J.: 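First, the structure itself, so that you have it in front of you.
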Amino acid sequence: MTTPTFASLSAPAGGAAGSGAAERRPMLTLALSKGRIFEETLPLLAAAGIVVTEDPEKTRKLILATNQPDVRVVLVRATDVPTYVQHGGADLGVAGKDVLIEHAAENEGAGGLYQPLDLQIAKCRMSVAVRADFDYEAAVKQGSRIRVATKYVAVARQHFADKGVHVDLIKLYGSMELAPLTGLADAIVDLVSTGSTLKANKLVEVERIMEISSRLVVNQAALKLKRERIRTLIAAFAGAMNTTS
Ligand code: PRT
Ligand code: MG
């Protein structure tokens, strides 16, 4: 028996409404954030036969239709993707490992979120960076208390605890690079991709904490109720990754 493709399981585009059970299948909702995650998820969706028919950069709509009548995309902030999926506002979503770790720490493990696939997209690393004139190694060796500004409090806390370094963590929501330049902090924990943001702000990367990529997250209840469709989608994504990497 051959496995049907996701496209063949869906109601035919433009088919007469209400004729047959296929059209009455419940909506499959995918949560994505605008920008790199949206852009890098598009080819994976295409492999599953799904084409988003509106451009998020050109519309103010937050719900985007696709060529499949029973598949839609909701646009949410990157940090809100796990929340939407966990509570069933979306069946699936794509979120960075950075976002997922912080979400789990803030939500006691975030039950209800299944992570079946590392999509290997939106890759970067989480690192410690300091001003070029700050001797990080010496501060660590001397056992000084280091002030660290970051959006990623859970990852930073764990990293410095593992090293046995005492830190005062300062939670920020963005523009972490500014903290060492203004004297707010000695160091930052932030995402680094090309390194050009650090360079432009005269900061240097002194430690790599972990590699980051984005993962597919699925609502546990949706996985049970829409099992076949979600499994077919996961298989198409996995297949596309093998052919593009
Ligand atoms: O931007 P916004 O405030 O709307 O939200 P967001 O920053 O959470 O979303 P977005 O779309 O920027 O990032 C979504 C996900 O992409 C993150 O959760 C990461 O998993 C992943 N990702 C991959 C990155 C980067 N690369 C990245 N370079 N997220 C952010 N950056 C930022 C970084 O914080 C720093 O300010 O880009 C800057 C560094 O880039 P380089 O290339 O100069 O090193
Ligand atoms: Mg950003």
Side-chain angles (χ1 to χ4, degrees), residues 30-45 52 55-62 64 73-86 89-90 92-107 110 113 115-132 148-156 158-159 169-182 184-185 187-217 237 241 244-245:
L30 174 68
L32 296 176
S33 53
K34 274 209 253 188
R36 68 192 103 216
I37 287 185
F38 183 86
E39 299 301 328
E40 295 186 37
T41 303
L42 285 185
L44 301 174
L45 286 172
V52 183
D55 181 350
E57 303 303 332
K58 294 196 181 125
T59 175
R60 299 181 81 99
K61 284 189 202 166
L62 297 173
L64 306 183
V73 169
V74 291
L75 295 176
V76 303
R77 285 295 294 263
T79 43
D80 291 335
V81 167
T83 306
Y84 268 81
V85 176
Q86 185 181 356
L92 317 106
V94 177
K97 185 178 175 184
D98 50 318
V99 166
L100 290 168
I101 293 175
E102 294 300 320
H103 177 82
E106 285 167 17
N107 297 275
L113 265 187
Q115 290 184 37
L117 203 57
D118 179 352
L119 299 172
Q120 296 290 334
I121 60 169
K123 284 175 153 184
C124 57
R125 56 191 183 267
M126 200 177 298
S127 296
V128 181
V130 298
R131 267 168 62 153
V148 179
T150 187
K151 186 168 151 186
Y152 309 101
V153 173
V155 173
Q158 186 68 50
H159 174 70
L169 294 174
I170 303 164
K171 168 90 185 187
L172 290 178
Y173 291 87
S175 303
M176 263 82 80
E177 298 85 3
L178 199 54
L181 305 179
T182 54
L184 179 68
I188 59 170
V189 168
D190 196 8
L191 301 176
V192 180
S193 172
T194 61
S196 56
T197 305
L198 291 182
K199 205 169 167 200
N201 291 291
K202 300 195 169 61
L203 300 176
V204 289
E205 191 177 7
V206 287
E207 226 160 44
R208 291 185 179 203
I209 301 176
M210 64 172 75
E211 297 299 315
I212 300 286
S213 56
S214 283
R215 286 106 207 283
L216 184 67
V217 288
F237 277 21
M241 286 170 55
T244 54
S245 64

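Whatever order the structure lists ligands and atoms in, that order sets their numbers, starting from 1. Source: prediction; values computed, not measured.
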J.: With heavy-atom distances below 4.5 Å as the criterion, would you say the side chains of Tyr152 and Leu191 are in contact?
T.: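 The answer is yes, as the side chains (C-beta and beyond) meet within the 4.5 Å cut-off.
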
J.: Which atoms of ligand 1 sit under 4.0 Å from any heavy atom of Leu191?
T.: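 Numbered from 1, ligand 1 contributes 19 (C), 24 (C), 29 (N), 30 (C), 33 (C), 34 (O), 35 (C), 39 (C).
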
J.: Does ligand 1 have an atom that lies less than 4.0 angstrom from a heavy atom of Ser196?
T.: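 It does, in that a heavy atom of Ser196 comes within the 4.0 Å cut-off of ligand 1.
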
J.: Could you walk me through whether Leu203 and Glu177 pass the side-chain contact (heavy atoms from CB on, under 4.5 Å) check?
T.: CA-CA 8 Å; Leu203 300 176; Glu177 298 85 3; 3.9 Å; yes

J.: Regarding Glu205 and Ser127, do their side chains bring together a donor and an acceptor under 3.5 Å, going by distance alone?
T.: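 Short answer, yes.
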
J.: Indicate the atoms forming the closest heavy-atom contact of Ala179 with Leu172, along with that distance.
T.: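 Reported closest heavy-atom pair: CB-CD1, 4.0 Å.
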
J.: For Glu177, is the nearest heavy atom under 4.0 Å from an atom of ligand 1?
T.: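 Per 4.0 Å heavy-atom rule, Glu177 contacts ligand 1.
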
J.: Relative to ligand 1, is Ser193 under 4.0 angstrom through side chain, backbone, both or neither, heavy atoms considered?
T.: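 Both of them.
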
J.: Take Asp55 and Lys58 through the test salt bridge (Lys or Arg N to Asp or Glu O under 4.0 Å) and record every step on the way to the result.
T.: CA-CA 5 Å; Asp55 181 350; Lys58 294 196 181 125; 3.7 Å; yes

J.: At a 4.0 Å threshold, what atoms of ligand 1 neighbour a non-hydrogen atom of Thr197?
T.: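 It comes down to these atoms of ligand 1: 38 (C), 39 (C), 40 (O), 41 (P), 43 (O).
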
J.: Non-hydrogen atoms of Ile37 versus ligand 1: any pair closer than 4.0 Å?
T.: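 So Ile37 counts as touching ligand 1.
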
J.: Give the atoms of ligand 1, by number and element, whose distance to some non-hydrogen atom of Ile212 is under 4.0 Å.
T.: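 Selected atoms, number and element: 20 (O).
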
J.: What is the minimum heavy-atom distance between Ser213 and Lys123, and which atoms define it?
T.: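 Nearest heavy atoms, Ser213 then Lys123: CB-CG, 4.0 Å.
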
J.: Just do the side-chain contact (heavy atoms from CB on, under 4.5 Å) check on Val81 and Val94 with the steps written out, would you?
T.: CA-CA 7 Å; Val81 167; Val94 177; 5.8 Å; no

J.: Quick check on side chain to side chain contact (heavy atoms under 4.5 Å, CB included): which of Thr150, Val148, Val128 does His159 satisfy it with?
T.: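 Per the side chain to side chain contact (heavy atoms under 4.5 Å, CB included) rule, the option paired with His159 is Val128, out of Thr150, Val148, Val128.
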
J.: In sequence, state the C-alpha distance, the side-chain angles, and the governing distance for Met241 and Leu44, and then conclude on side-chain contact (heavy atoms from CB on, under 4.5 Å).
T.: CA-CA 7 Å; Met241 286 170 55; Leu44 301 174; 4.0 Å; yes

J.: May I ask you to identify, for Asp98, whether its side chain, its backbone, both or neither come under 4.0 Å of ligand 1 on a heavy-atom basis?
T.: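 Just the side chain.
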
J.: Strictly distance-based, threshold 3.5 Å: is any side-chain N or O of Glu102 a donor or acceptor partner for the main-chain N or O of Ala154?
T.: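 Yes; at least one donor-acceptor contact below 3.5 Å.
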
J.: Provide the number and element of each atom of ligand 1 under 4.0 Å from a heavy atom of Val192.
T.: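 With Val192 as reference, the close atoms of ligand 1 come out as 44 (O).
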
J.: Start with the C-alpha distance between Lys202 and Arg131, add both sets of side-chain angles, then the distance that settles side-chain contact (heavy atoms from CB on, under 4.5 Å), and finish with yes or no.
T.: CA-CA 6 Å; Lys202 300 195 169 61; Arg131 267 168 62 153; over 6 Å; no

J.: Record the part of Val99 in heavy-atom contact with ligand 1 below 4.0 Å; permitted values are side chain, backbone, both and neither.
T.: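 The side chain, only.
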
J.: Taking 4.0 angstrom as the limit and counting only heavy atoms of Ala78, give me the atoms of ligand 1 inside it, by number and element.
T.: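 Selected atoms, number and element: 8 (O), 9 (O), 14 (C).
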
J.: Taking 4.0 angstrom as the limit and counting only heavy atoms of Asp190, give me the atoms of ligand 1 inside it, by number and element.
T.: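 By the 4.0 Å cutoff, the relevant atoms are 34 (O), 35 (C), 36 (O).
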
J.: Under 4.0 Å, counting heavy atoms only: does Gly35 come that close to any atom of ligand 1?
T.: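 No; Gly35 lies far enough from ligand 1 that no heavy-atom distance drops under 4.0 Å.
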
J.: Taking only heavy atoms of Thr194, which atoms of ligand 1 are found under 4.0 Å from at least one of them?
T.: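 By the 4.0 Å cutoff, the relevant atoms are 41 (P), 42 (O), 43 (O), 44 (O).
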
J.: Measure the distances from the heavy atoms of Lys34 to every atom of ligand 1 and state whether one is below 4.0 angstrom.
T.: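 The answer is yes: ligand 1 sits under 4.0 Å from a heavy atom of Lys34.
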
J.: If you measure from atom 7 (O) of ligand 1 to every heavy atom of Arg77, Arg36, Lys151, Lys123, which option wins on shortest distance?
T.: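 Going through Arg77, Arg36, Lys151, Lys123 one by one, Lys151 has the nearest heavy atom to atom 7 (O) of ligand 1.
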
J.: With heavy atoms of Gly96 as the reference, note each atom of ligand 1 found under 4.0 Å away.
T.: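 Matching atoms, with element in brackets: 20 (O).
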
